Amino acid sequence: MFDYAIVKQVKRKPKAMVGALRKIMIIFAVIFILLGIMISQGFMLPGFLLVLLYFGYDVYSQKEYEYRLADRKLTIEVILGKRYRKTAHILELSEMEVTAPNRHESVAKYRKDAGGEKLPKFDYTSYEENTPYYTMIIMENRRKIKLLLDLDEEMLQTMKRWYPEKVFLV
């Protein structure tokens, strides 16, 4: 048997006004630091705090996700600010209950508006309007969770080949 991994990178679409907020933060930081140099040193602290806030906001406003499918395991990693990576989930696909398009009848009882079973939800989608996303219901650490994922065709076909009764395609 060959060992290989299927990897997909998903970049989350930035929210509206992110760029404008960054520019405003930098402008105010420069103004406060200049006021601190020219008028009073009391303005320096807010200026430096705005610079720190900017760098923190920069990291947490840029999110990417990496899905890795290997050895019947799905690993989901969150990449913050293109610098910091942390593993969010390592899932055994044998524990999967269902994977289907978001509006498929097999996941209807897990939707918020259907009034069915309520599960902890983790959204790892790009928020792109033309990209279909899939709902995965799976057991993790002895509790059932709901994942929203932008799976590509290769991952879906591989999962369908492994678990044909649990994976539904469009």
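Atom set for the values below is all heavy atoms of this structure, side chains included, hydrogens, waters and symmetry mates excluded. Keep in mind it's a predicted model, so treat the numbers as computed, not measured.
Distance check: H89 NE2 to F122 CZ gives 4.5 Å after rounding to the nearest 0.5 Å. In this structure, CG on L69 lies 12.5 Å from NZ on K8, to the nearest 0.5 angstrom. The CD atom of E92 sits 9.5 Å away from atom CG of D71, with the distance rounded to the nearest 0.5 Å. In this structure, I145 CD1 and E97 CD are separated by 12.0 Å, a value rounded to the nearest 0.5 Å. Put simply, CD on E105 and CZ on R103 are 12.5 Å apart, with the number rounded to the nearest 0.5 Å.
At least one side-chain heavy atom of E66 sits under 4.5 Å from a side-chain heavy atom of V7. At least one side-chain heavy atom of M25 sits under 4.5 Å from a side-chain heavy atom of L53. In this structure the side chain of L74 reaches within 4.5 angstrom of the side chain of L93, judged on heavy atoms. With a 4.5 Å cut-off on side-chain heavy atoms, K63 and I79 do not count as touching. The shortest side-chain heavy-atom distance between R68 and I6 does not fall under the 4.5 Å cut-off. The closest side-chain heavy-atom distance from L156 to L169 is below 4.5 Å. No side-chain heavy atom of N102 sits under 4.5 Å from any side-chain heavy atom of Y134. Between T125 and R12, the closest side-chain pair of non-hydrogen atoms falls below 4.5 Å.
Taking a cutoff of 4.0 Å between a charged side-chain nitrogen and a carboxylate oxygen, K13 and E128 do not qualify as a salt bridge.
By the 6.0 Å contact criterion, CD1 on I90 is open, its count of non-hydrogen atoms from other residues, nucleotides or ligands being 12 or less. More than 12 heavy atoms of other shown residues, nucleotides or ligands fall within 6.0 angstrom of atom NZ in K144. The environment of OH in Y133 is sparse: at most 12 heavy-atom neighbours from other residues, nucleotides or ligands sit within 6.0 Å.
For the pair P101 and V107, the tightest heavy-atom approach, listed with the atom from each and the gap, is O-CG2, 3.6 Å. Closest heavy-atom contact between F43 and G36: CB-N, 3.6 Å.
Both F28 and I26 are members of a single hydrophobic cluster when ILVMFWY side chains are connected at heavy-atom separations under 4.5 Å. Linking ILVMFWY side-chain heavy atoms closer than 4.5 Å, directly or via other members, places Y60 and L49 in two distinct hydrophobic clusters. M38 is connected to L50 through a chain of hydrophobic side-chain contacts under 4.5 Å among Ile, Leu, Val, Met, Phe, Trp and Tyr, so both are in one cluster. Under the 4.5 Å side-chain heavy-atom criterion for grouping Ile, Leu, Val, Met, Phe, Trp and Tyr, L91 is not connected to M139 through any hydrophobic cluster. Clustering ILVMFWY residues whenever any of their side-chain heavy atoms sit less than 4.5 angstrom apart, transitively, puts I27 in the very cluster that holds I39.
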Practice prompt. Give the intermediate values and the outcome of side-chain contact (heavy atoms from CB on, under 4.5 Å) for residues T75 and T87.
Written response: CA-CA 7 Å; T75 305; T87 302; 4.0 Å; yes
Discussion item. Please evaluate residues Y57 and V18 with respect to the criterion side-chain contact (heavy atoms from CB on, under 4.5 Å), reporting the C-alpha separation (whole Å), side-chain torsions for both, the decisive distance (0.1 Å), and the verdict.
Written reply: CA-CA 10 Å; Y57 182 74; V18 168; 3.7 Å; yes
Fill in: side-chain contact (heavy atoms from CB on, under 4.5 Å) between E140 and E95, worked out
CA-CA 8 Å; E140 180 185 42; E95 300 287 325; over 6 Å; no
Worksheet item: When you look at Y163 and S94, which way does the side-chain contact (heavy atoms from CB on, under 4.5 Å) test go after all the steps?
Response: CA-CA 8 Å; Y163 302 103; S94 61; 3.7 Å; yes
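A donor-acceptor distance shorter than 3.5 angstrom exists from the side chain of K166 to the backbone of M96, with no hydrogens or angles considered. Y67 places no side-chain N or O within donor-acceptor distance of the main-chain N or O of E77, the cut-off being under 3.5 Å. Side-chain atoms of H104 come within 3.5 Å of backbone atoms of S106 as a donor-acceptor pair (strictly under, hydrogens ignored). In terms of modelled atom types and a separation under 3.5 Å, the side chain of K160 and the main chain of V167 share a donor-acceptor contact.
For residues 19-48, the side-chain hydrogen bond (donor to acceptor under 3.5 Å, both in side chains) pairs, not counting sequence neighbours, are R22-D58, R22-S61. Residue pairs meeting the ring-ring contact (aromatic ring centres under 6.0 Å, His included) criterion with at least one member in residues 5-24, sequence neighbours excluded, do not occur.
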May I have the list of side-chain donor-acceptor pairs in residues 146-155 shorter than 3.5 Å, sequence neighbours left out?
{"residue": "K146", "atom": "NZ", "partner": "Y110", "partner atom": "O", "Å": "3.1"}
{"residue": "D150", "atom": "OD2", "partner": "S126", "partner atom": "N", "Å": "2.8"}
{"residue": "D150", "atom": "OD2", "partner": "S126", "partner atom": "OG", "Å": "2.8"}
{"residue": "D152", "atom": "OD1", "partner": "M155", "partner atom": "N", "Å": "3.1"}
{"residue": "E153", "atom": "OE2", "partner": "Q157", "partner atom": "NE2", "Å": "2.8"}

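The aromatic rings of Y124 and Y65 stand perpendicular to each other, their planes meeting at an angle above 60°, with 30° marking the opposite boundary.
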